[in-house]
2 protein chains.
Amino acid sequence: MARVQRDGGDDSAPTTELPAVRGQGPPAVNGRANGRGAPIPADKARVIPEAAVARLAVYLRVLSGMAEQGAVTVSSEELATAAGVNSAKLRKDISYIGTYGTRGVGYEVDVLTSEIERVLGLTRQQKVAVVGIGNLGHALANYGGFPGRGFPVEALFDVDPDLIGIPVGGLPVNHIDDIPDICATRAIAIGVIATPPTAAQAVCDRLVEGGVHCVLNFAPVVLGVPEHVEVRKVDLAIELQILSFHVARNAEQRASRRTAAARASSNGEVV
Amino acid sequence: MARVQRDGGDDSAPTTELPAVRGQGPPAVNGRANGRGAPIPADKARVIPEAAVARLAVYLRVLSGMAEQGAVTVSSEELATAAGVNSAKLRKDISYIGTYGTRGVGYEVDVLTSEIERVLGLTRQQKVAVVGIGNLGHALANYGGFPGRGFPVEALFDVDPDLIGIPVGGLPVNHIDDIPDICATRAIAIGVIATPPTAAQAVCDRLVEGGVHCVLNFAPVVLGVPEHVEVRKVDLAIELQILSFHVARNAEQRASRRTAAARASSNGEVV
DNA sequence: CGGATTTTGTGCACGCATTCACAAGCGGCT
DNA sequence: AGCCGCTTGTGAATGCGTGCACAAAATCCG
């Protein structure tokens with residue numbers, strides 16, 4: 001079976017290759033002479049752990065906040081605490097994409113920002129299509145965070161004939177039968193599925209048909225896709241269930257602490 | 001610093017304890033005699049990896065779909081492919097919560113369902129409050145998937161005076177200043193933060209003040225919380241950026257394949 | 001009743017990710 | 001110029017999660 005899906009809540013095992021030139025041919029000139037701040041040694045480890053990619057995106061957001069406040073340089077320690085991680089981990093994450101720091105000083109905010117953007121492919125805008133204009137789809141279509149971060153929403157789709165043609169967030173809704181055509185002609189890079197679970201697989205197939213290689217799936221189903229297509233899943237119910245597990249666990253712990261305390265006090269012990 | 005946050009997109013390292021009795025005291029009678037289908041050996045490994053918890057929730061959803069179609073038993077293989085995972089991993093995940101399978105047959109759908117529900121703390125309803133009734137908050141308040149899965153939304157909050165008192169999804173919106181009181185009196189278990197990033201920390205502090213121990217955070221900020229509070233994060237922009245990384249990587253791969261092919265063909269080689 | 005068949009449960013090994021600890025490197029100060 | 005303090009970058013170690021492969025168990029059938 002060539003259908004795989006990477007769970008959005010499980011960024012552990014598989015590593016992904018860094019977008020660097022691959023062939024063993026002539027050492028690709030990287031535009032900039034290999035002085036200080038090289039993209040990467042060009043022959044060394046060419047993989048970025050998936051987990052590191054997720055954190056790089058977090059660093060990027062923290063960095064943009066720091067830049068707004070006029071920061072010019074950051075130490076790994078500052079950036080790490082702001083991002084909620086260990087400083088060693090942060091340095092290792094950054095080392096995956098190159099060496100841009102200055103020892104004894106830290107990182108230049110703007111340099112680091114643009115390098116992370118480069119690796120994450122944010123230098124060019126990634127066009128997004130949203131399928132399923134229900135509650136969530138409406139929210140996503142109107143969500144300001146997407147275009148503001150280089151992800152312009154350029155197409156909307158739904159089955160409901162009452163919605164077709166109605167503009168949502170300044171963009172008319174198209175019928176899902178037009179997904180392949182419109183995605184192909186508008187060069188949609190990322191498809192967001194916010195449909196009911198029953199419709200998700202069919203919608204996904206049409207997106208793939210339209211040349212979309214990356215899918216963000218909000219429907220609670222496991223999507224089957226060809227091997228070259230990347231799926232990330234966001235399942236709100238599952239997030240709540242994970243939290244529920246922690247609620248239950250904490251309740252148990254408190255309960256067992258109570259019984260332990262009760263037993264201890266009935267024995268005259270001091271806790 | 002005693003403030004930690006578990007990233008929703010990174011469920012790898014830390015393990016969490018199973019909600020089992022902890023003390024080394026008299027072997028707790030589990031209500032059911034320790035015949036077939038014991039919760040767990042009561043002295044063996046008492047931890048469920050966080051990643052396994054997330055998958056258990058997925059199995060639960062798949063199981064409920066199978067139950068609707070009248071299935072009585074499932075093999076690990078069936079369930080695994082339906083959930084998009086390896087069958088060995090599935091069996092190991094289930095073994096964390098006990099031994100409920102029958103060798104040569106499989107698992108009873110209803111037994112497995114109720115046991116997973118028990119471990120995930122879904123036997124009792126977890127009340128949810130949604131803070132920030134913007135686009136996303138509206139969607140969450142109206143989202144049918146929550147109450148249908150044991151997560152009734154029981155309180156809504158916002159700052160906007162125009163929204164206070166307006167019913168959204170059948171529930172009136174309260175002011176965020178009332179978060180501590182209302183959460184405490186209604187015994188809210190889980191708080192969902194769908195506010196702008198600037199307001200998120202203050203809202204979170206008030207939720208904690210109201211006795212909420214678990215938070216689902218949609219705002220793109222790292223929340224600081226006391227140690228006993230569990231935070232999960234869902235950041236849509238970061239999900240897109242991770243996909244963007246894969247778009248870029250694939251583009252690079254294709255480009256390098258093209259150059260390789262071009263080089264090969266210019267050399268007269270056959271690819 | 002015994003063997004064949006099926007499927008669970010798990011010991012074991014491998015690989016990835018995280019963390020530690022330190023050498024290398026840079027800037028500033030005397 | 002040379003030393004000192006600070007911070008990066010990374011080798012090495014540890015721990016966790018995953019997947020394999022097989023023994024144990026249960027059912028079915030002859």
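Naming convention: chains lettered A, B, ... in sequence-line order (proteins, then strands); numbering from 1 in each chain.
- Side-chain proximity of B/Lys89 to the nucleotides C/dC26, D/dG19, D/dT8 is greatest for D/dG19.
- Considering only side-chain atoms of A/Arg103, the nucleotide from D/dT7, D/dA24, C/dT18 that sits closest is D/dT7.
- For the pair B/Ala52 and A/Lys92, both in contact range of DNA chain D, the more 5′-proximal nearest nucleotide belongs to A/Lys92.
- Among the nucleotides D/dT18, C/dA21, C/dG25, the one closest to the side chain of B/Ala51 is D/dT18.
- In terms of position along DNA chain C, the nucleotide closest to B/Ser75 lies nearer the 5' end than the nucleotide closest to the other residue of the pair B/Ser75 and A/Arg91.
- Smallest separation of non-hydrogen atoms from A/Gly191 and A/Val212: N-CG1, 3.5 Å.
- Per the geometry, CZ belonging to B/Arg55 stands 8 Å off C1' belonging to D/dG17, to the nearest Å.
- Scanning all heavy atoms of the two residues, the minimum distance from A/Ser95 to A/Lys92 falls at OG-O, 2.6 Å.
- When the side-chain nitrogen and oxygen atoms of A/Asn86 are compared with OP1 and OP2 of C/dA17, none of them lie within a distance under 4.0 Å.
- A sub-4.0 Å separation between OP1 or OP2 of C/dT8 and a side-chain N or O of B/Ser76 is present.
- Residues A/Gly104 and A/Ala88 each lie close to DNA chain C; by heavy-atom proximity, the contact nearer the 5' end of the strand is made by A/Ala88.
- Remark on the helix from C/dC1-D/dG30 to C/dT30-D/dA1: inter-end axis angle 10°, axes from five-pair C1' superpositions, rounded to 10°.
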